[in-house]
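Only heavy atoms go into these numbers, but all of them, side chains included; no hydrogens, no water, no symmetry mates. Just so we're clear, the structure is a prediction, and the values are computed from it rather than from any experiment. Just so it is clear: chains get the letters A, B, ... in the order the sequence lines come, proteins before strands, and each one is counted from 1.
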Amino acid sequence: MAVDVEVLKAQQRELAKRVRLEDGFKRVRYVAGGDLTFLNIRKTPTRGLGAFVVLDVLRGDVVEEVVEEDEVKFPYIPTFLAYRELPLLVKAFKKLRSRPDVVLIDGQGIAHPRGLGIASHFGVYFNLPTVGVAKSRLIGEYEDPPPYGISPLRHRGKRIGWVLRKGKGKSLLFISPGHLVSLKSSLDIVRGILARGLTLPTRLAHNLLQEERRKRLR
DNA sequence: GCGACAG
DNA sequence: ATCTTGTCGC
């Protein structure tokens with residue numbers, strides 16, 4: 001039988017009660033970024049690769065990289081992304097020996113119908129400060145931000161995140177707090193990295209995965 | 001019922 | 001997410 005989404009919704013609502021939007025970090029020096037890729041996206045049990053890259057924002061270099069591989073059986077269902085990607089993200093994160101101050105996850109934080117995007121889910125699971133960094137919108141309304149500008153992401157009248165435009169004619173970035181990070185800090189953390197001319201660790205993890213994927217594809 | 005819908 | 005090189009624009 002298929003997936004019982006009602007049970008998962010109840011679980012998400014329960015976990016969402018644990019999400020805290022007060023800053024729970026002392027500094028933002030070691031920032032980790034996590035992402036996943038799949039060897040064959042058309043099949044649904046498929047092989048997945050998960051990676052984390054830890055960036056030292058102060059020195060501007062990469063401190064640690066890890067990659068893990070596993071079978072991914074859960075399908076992609078909008079608003080239930082974590083059930084597909086969290087297991088491998090958890091496995092990869094446990095392989096890290098350094099302890100990042102904040103973790104960026106590819107996907108939404110609280111900008112989710114039940115307030116529990118994958119970044120929040122991951123944050124509650126490890127009780128660590130997390131921020132969701134997505135390339136497209138799941139929920140919320142916003143005004144198109146000007147080049148190099150930002151605009152708030154709102155849902156039901158309240159702010160749930162930010163939309164950032166890196167440059168002229170460039171694509172958008174959807175930022176939202178995951179867990180133990182305030183709305184303001186979620187934006188400051190991301191802008192702090194970009195302002196130093198650094199690549200977001202989520203992007204570094206993505207790049208690392210593309211290389212690993214090509215290797216194992218032959 | 002219809003359209004939207006992270007990766 | 002993936003399939004895919006060069007190419008147009010700043």
Do A:L200 and A:V190 have side chains that approach each other closer than 4.5 Å (heavy atoms only, starting at C-beta)?
yes
Using a distance-only test with no angle check, is there a side-chain donor-acceptor pair under 3.5 angstrom linking A:S182 and A:D23?
yes
Using a 4.5 Å cut-off on heavy atoms from C-beta on, say whether the side chain of A:T130 contacts that of A:L180.
no
Starting from C1' on C:dC3, measure out to CG on A:L39 and report it in whole angstrom.
15 Å
Is the shortest side-chain heavy-atom distance between A:F93 and A:V103 below 4.5 Å?
yes
State plainly whether the residues A:D106 and A:K135 are in salt-bridge range, i.e. N to O under 4.0 Å.
yes
Indicate yes or no for a side-chain donor-acceptor contact from A:R18 to the backbone of A:E14 under 3.5 Å, with no hydrogens or angles considered.
no
Take A:S98 and A:E64, measure what side chain to side chain donor-acceptor pair (under 3.5 Å) needs, and give me the verdict at the end.
CA-CA 7 Å; A:S98 56; A:E64 189 180 4; 2.5 Å; yes
Reading nucleotides 2-7 of chain B 5' to 3', which nucleotides get B (base under 4.0 Å from a protein heavy atom), which S (sugar-phosphate only), which -?
--SBBB
Strictly by modelled atom types, are A:Y83 and A:Q11 linked by a side-chain donor-acceptor pair under 3.5 Å?
yes
Based on Watson-Crick and G-U pairs with both distances under 3.5 Å, what dot-bracket line describes DNA chain B 5' to 3', crossing pairs as [ ] and inter-strand pairs as |?
.......
